[in-house]
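Structure record follows, encoded as structure tokens.
Chain identifiers are assigned alphabetically (A, B, ...) following the order of the sequence lines, protein sequences preceding nucleic acid strands; residue numbering begins at 1 within each chain.
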There are 2 protein chains.
Amino acid sequence: MNDERPTVPDTDPLTWGTPEGRHMIRLLWDPPAPAGRGPKQKLTLDQVIEAGMAVAAADGVDKLSMRNVAAQLGVGAMSLYTYVPGRDELFELMVDRAWAARNLPDQSLPWRDQVELHAREAWAMYQAYPWLIRANLWRMPLGPNVMDAQEDLYRAVMLTGLPYEEVARVAGLVESHVFGVARSLITDTSMSSSTGVTADEYWDSRSSFWGTYYSPERFPTMTAIWESGAFERSAGDEIEFGLARLLDGVELLIEKLADG
Amino acid sequence: MNDERPTVPDTDPLTWGTPEGRHMIRLLWDPPAPAGRGPKQKLTLDQVIEAGMAVAAADGVDKLSMRNVAAQLGVGAMSLYTYVPGRDELFELMVDRAWAARNLPDQSLPWRDQVELHAREAWAMYQAYPWLIRANLWRMPLGPNVMDAQEDLYRAVMLTGLPYEEVARVAGLVESHVFGVARSLITDTSMSSSTGVTADEYWDSRSSFWGTYYSPERFPTMTAIWESGAFERSAGDEIEFGLARLLDGVELLIEKLADG
DNA sequence: GGGAACTCAGTACGACGTACGGAAAAGGGA
DNA sequence: TCCCTTTTCCGTACGTCGTACTGAGTTCCC
């Protein structure tokens, strides 16, 4: 994640950026009240976002189309454009909404406990909203829920006493780890959104590989690991293992800096 | 990544799985020679894969359509289907091809050096083929290049003497780390494939955020980190930092197991 | 009461993956 | 040599997508 703040002009903030950008920021932070003029709105922004999340949860993120979300709400597809600028922007709002459910750790706890809680909350979020993984957002939305959680994670890591640049790196390390485990495990247990093919069906369809090109001589380590059953992993264990190694490494760094 | 081998029947391997699955495995491992009958083929499978990689490199993975790849090759869109079963399968072949460029470490080196080289090679691969990140493959292809690199990484981690299940986890940890850094840094420096919007343009368009809803009181840590300049990160440093922490943690685990 | 502002939604356009089917090219058997 | 079978190439077409445009209908303000 890039949290750079670009240089901004010294004029009225309300004219910064583009109209589209300002609109999106406003939708994230301060959803505008319905206009006085015109007909009463049939829906609210929240309803649209929730319908989007419902579609993504039920049919996968690849079925998240304006037409499907509109159908879910019983309105015409084009009506959604009065609430939301477009499909990508709807998705951005959904992502920030997903982050809203994250609990923040008790600030009196030791830093390590706080960071671990952040990681577990992230993992819970990916479980609750698996479409966040397929999302592949090229950038986190600048929304209040995302930003509050990020700020709190940085705050917790700051308790280590590490210099700023390493604080940012440690936070990124934790996030990458949880995302990586979620990516490999959730996509295994849930369906491939695009094709509707389950993991089992996928492996079955390609099972000829094991009888033709796979050989224990070429892949001795994989064979040994597989035969030990170690590939049948449980998600929580994966998170905890990596987190433990990673934070052990961070503690070592703290000690080293304290000694030097 | 899931490397489970499904239970397979005790019959002729050539009948395992589905015809589609067998076809794909064959394309990955043993591209069939052109048929004797019929007209000469205008292209080769390799040309199709390379054209796909060229399109993805030039215009982004979102522009990787059968029509675009065909245009690149000067043939009709439907002609590609004699070489490749479909778009997803073409992409799978492209991914395995990208992994082909990875160098494997000298097996006489200490395990840590070998694992570090694997990580750096992965990072180099993501730099060379940034579309691997936006790929969001729900599963690695069962191709020879992917599998050889994976096997070698497992072999290197095995030198730690850790039990099988932790070998698999450490390997996953390293991969997640490199992927995470690549995801956050490459998408920042290159264009957003789908929209053609650069990172700078994106931040500029949304710059009104900093003048309206952002406040140093609400985000004190981010503010401090940003003012220290620590968010201006360099990619290689990020990889090395995380790798160092992570492998320090692994070494600690090895020592602990040796003592216990 | 009339005009301005707004909502809702149908139609349409250009992209996409790809099913289908036809024309043309090449080899093998007579 | 001729024909038939196999295979390649690819135009057409269908159903999907995001969304621009347009217009009809609704509500508030002056």
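- Under the ring pair (Phe, Tyr, Trp, His ring centres under 6.0 Å) criterion, A:Y83 pairs with no residue at all, not counting sequence neighbours.
- Along DNA chain D, read 5' to 3', the first and last nucleotides having any atom under 4.0 Å from a heavy atom of chain A are D:dC17 to D:dC29.
- Looking at every heavy atom in both residues, B:W210 comes nearest to A:W16 through C-CZ3, 3.9 Å.
- The salt bridge (charged side-chain N to carboxylate O under 4.0 Å, His left out) analysis of residues 31-45 of chain A, with sequence neighbours excluded, yields no pairs.
- A cation-pi arrangement, defined by a distance under 6.0 Å to the six-membered ring centre and an angle within 45 degrees of its axis, is absent between A:R120 and A:W123.
- For A:R22, there are no salt bridge (Lys or Arg N to Asp or Glu O under 4.0 Å) partners two or more places apart in sequence or in a different chain.
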Protein-nucleotides 4-6 of chain C N/O pairs under 3.5 Å:
{"residue": "C:dA5", "atom": "O4'", "partner": "A:R37", "partner atom": "NH1", "Å": "2.9"}

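- Annotation: salt bridge (Lys or Arg N to Asp or Glu O under 4.0 Å) contacts of B:E50 (sequence neighbours excluded): B:R97.
- Applying the side-chain hydrogen bond (donor to acceptor under 3.5 Å, both in side chains) rule to pairs touching residues 70-82 of chain A yields nothing, sequence neighbours excluded.
- The side chain to side chain donor-acceptor pair (under 3.5 Å) test applied to B:Y202 returns B:R206, not counting sequence neighbours.
- The shortest distance between the side-chain N/O atoms of A:S79 and the OP1/OP2 oxygens of C:dT7 is not below 4.0 Å.
- Ring orientation note: the planes of B:W29 and A:F219 are nearly perpendicular, at an angle over 60° on the 30°/60° scale.
- Within the structure, no pair that satisfies the salt bridge (charged side-chain N to carboxylate O under 4.0 Å, His left out) test touches residues 64-86 of chain B, not counting sequence neighbours.
- Closest approach of B:W131 and B:A57 over heavy atoms only: CD1-N, 4.1 Å.
- The NZ atom of A:K42 sits 7 Å away from the P atom of C:dC8 (whole-angstrom rounding).
- Looking at residues two or more places apart in sequence or on another chain, you find no salt bridge (Lys or Arg N to Asp or Glu O under 4.0 Å) involving A:D96.
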Protein N or O to nucleotides 15-18 of chain C N or O, pairs below 3.5 Å:
{"residue": "C:dC16", "atom": "OP1", "partner": "B:S65", "partner atom": "OG", "Å": "3.0"}
{"residue": "C:dC16", "atom": "OP1", "partner": "B:N68", "partner atom": "OD1", "Å": "3.2"}
{"residue": "C:dG17", "atom": "OP1", "partner": "B:M66", "partner atom": "N", "Å": "3.4"}
{"residue": "C:dG17", "atom": "OP2", "partner": "B:M66", "partner atom": "N", "Å": "3.0"}
{"residue": "C:dG17", "atom": "N7", "partner": "B:R67", "partner atom": "NH1", "Å": "2.7"}
{"residue": "C:dG17", "atom": "O6", "partner": "B:R67", "partner atom": "NH2", "Å": "3.2"}
{"residue": "C:dT18", "atom": "OP2", "partner": "B:Y81", "partner atom": "OH", "Å": "3.1"}
{"residue": "C:dT18", "atom": "OP2", "partner": "B:R87", "partner atom": "N", "Å": "3.0"}
{"residue": "C:dT18", "atom": "O4", "partner": "B:R67", "partner atom": "NH2", "Å": "3.2"}

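- Contacts between residues 24-31 of chain A and DNA chain D, defined by a heavy-atom separation below 4.0 Å, involve no residue at all.
- A donor atom on one side chain and an acceptor atom on the other are not found under 3.5 Å apart for B:S207 and B:D204.
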